[in-house]
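See structure below.
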Amino acid sequence: MKSDTIVNGLLIWYDKHKRDLPWRKTLDPYKIWISEIILQQTRVDQGLPYYTKFIDKYPTVHDLASAPIDEVLRLWQGLGYYSRARNLHRCAKIVVENLDGNFPAERSSLLKLPGVGPYTSAAIASLAFGKREAVVDGNVIRVIARLYGIKEDISEQKTINGIRAIADELIPSKRPDLFNQAIMEFGALFCTPNSPTCDSCIFMDICDARSSSMVASIPFKSKKVKKRSRFFNYLIINIQEKYYLRKRGEKDIWQGLFEFYLLETQSDLPFDQLDLPIGLSRNSRFWKITEESKTYKHLLTHQTIFCKFYEIKFTQEIGLDMMNWEEYSLYSEEEIELLPKSILIDRYLGEKII
DNA sequence: GAGTCGTGGGG
DNA sequence: TCCCCAAGACT
């Protein structure tokens, strides 16, 4: 029976090859939840330091729920996909205020929490509460697609549903958590996206993709990401040892993070073609450009951002009330250090000091 | 279903 | 340099 071979093989493999990771030493739903949110679309190597930081700073869900959102985002800084941090905070508040500080044990209940979707709900139910809920993440999709020779497009939901049905069949009722961990770890360390370790694979005799020489083309994904280019011009406006920043709003990248005065243009323009804010254009004799950066190229999944920074220092004090700075406010350097910022801005500030 | 949301590492 | 994609979720 192929399924028995797969299940037993994965469990034996896992026992031998599993990594020693902190969230595997606990059954605390809070810690497992934190780890699962951090690891969404994120490699263990990148997420591990953040897990340590979060557990250290917020040992319980109560600590996290009572923290200011800006502090949570600042701790998340550099990890990306910042909606995860915002939902993490929202979720902690819900658990504390509506659920008496306890995470639900049922997958259907977990699914209602913000930031907890099909994968994470199954992971928490299984790993923290021992439920027989099969996880379907990128690793599971890849391992099952190869073992069973599934050549259909994994961009389509029906393909994923088929893979989920197989996972639901495979997962044993005894220690389902171990099976979930094992198949994910196997995909992460052995049955990797490129150059998997087929030559010493325990499944080399039963793997459909290997026998049909399709390993490199399974799983197949049709969707291609379209990238657009954007041009950011940041004005670092220095007035009396303070700087203008704002919190980025909804429906764009870096929601909730702080940034300097932004002039976005449709192309790469020189400074004298920028549409300066009224407070600058009206008082041009009171300031000068003290620094002009190189062009930073910042890559995101769907965007390429070309960014320049201009440091603008007021040489004379002027009445701040005569400036229209919209949603921007003044912050000192010490305050800026504590604000959550994008890696792009953080990188510039880091290189500036040196 | 399609598009969007980060950052870093690897081929 | 460029493309892929990584323990997904939300709109």
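Note on naming: letters A, B, ... go to the chains in the order of the sequence lines (proteins, then strands), and numbering restarts at 1 for each one.
Atom C1' of nucleotide dC10(C) and atom CZ of R90(A) are separated by 10 Å, given to the nearest angstrom. Atoms CD1 (I160(A)) and C1' (dA9(C)) sit 14 Å apart, rounded to a whole Å. The distance from atom CG of L39(A) to atom P of dA9(C) is 12 Å, rounded to the nearest whole Å. In this structure, the CD atom of E250(A) is 10 Å from the P atom of dT11(C), given to the nearest Å. dG8(C) atom P lies 7 Å from atom OH of Y119(A), rounded to whole Å. In this structure, N139(A) places its CG atom 12 Å from C1' of dG8(C), rounding to the nearest Å. A straight line from CG of N87(A) to P of dT11(C) spans 8 Å, rounded to a whole angstrom.
At the heavy-atom level, W23(A) lies under 4.0 Å from base atoms of the strands shown. Backbone-only contact: T120(A) has heavy atoms under 4.0 Å from sugar-phosphate atoms and none from a base.
The aromatic ring centroids of F231(A) and F306(A) lie less than 6.0 Å from each other. In this structure, F309(A) has its ring center closer than 6.0 angstrom to the ring center of Y296(A). The ring of F286(A) has its center no closer than 6.0 angstrom to the ring center of F314(A).
When all heavy atoms of E333(A) and Y243(A) are compared, the pair lying nearest together is OE2-OH, 3.2 Å.
Residue K288(A) qualifies as open at atom NZ: its count of foreign heavy atoms under 6.0 Å is 12 or below.
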Please list every donor-acceptor pair under 3.5 Å in which a side-chain atom of residues 154-161 of chain A meets a protein atom from a residue at least two apart or in another chain.
from: S155(A); atom 1: OG; to: D153(A); atom 2: OD1; distance (Å): 3.2
from: S155(A); atom 1: OG; to: S222(A); atom 2: N; distance (Å): 3.3
from: S155(A); atom 1: OG; to: K223(A); atom 2: N; distance (Å): 3.3
from: Q157(A); atom 1: NE2; to: N161(A); atom 2: OD1; distance (Å): 3.4
from: T159(A); atom 1: OG1; to: D153(A); atom 2: O; distance (Å): 2.7
from: N161(A); atom 1: OD1; to: R164(A); atom 2: NH1; distance (Å): 3.4
from: N161(A); atom 1: ND2; to: Q157(A); atom 2: O; distance (Å): 3.4

Exercise for review: Would you mind building the protein contact string for nucleotides 1-11 of chain B? One character per nucleotide, 5' to 3', B for base within reach (heavy atoms under 4.0 Å), S for sugar-phosphate only, - for untouched.
Suggested key: S--BBBBB--S
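Across the P atoms, dA9(C) and dG8(B) are found 23 Å apart, a figure rounded to whole Å. Between dG3(B) and dA7(C), the distance separating the two P atoms is 23 Å to the nearest Å.
Of the two residues near DNA chain C, R142(A) and L113(A), the one whose nearest nucleotide lies more 5' is R142(A).
Salt bridge E291(A)/K313(A): absent, no basic N to carboxylate O contact under 4.0 Å.
OP1 or OP2 of dC2(C) lies within a sub-4.0 Å distance of a side-chain N or O belonging to K297(A).
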Check your understanding: Where do Y119(A) and E36(A) land on the side-chain hydrogen bond (donor to acceptor under 3.5 Å, both in side chains) test, with the steps shown first?
Key -> CA-CA 9 Å; Y119(A) 163 76; E36(A) 292 301 338; 2.6 Å; yes
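Residues from residues 169-192 of chain A with heavy atoms under 4.0 angstrom of DNA chain C, sorted by number: M184(A), E185(A), A188(A).
Ring geometry for W33(A) against F103(A) counts as tilted: the plane angle lies between 30° and 60°, on a 0 to 90° scale.
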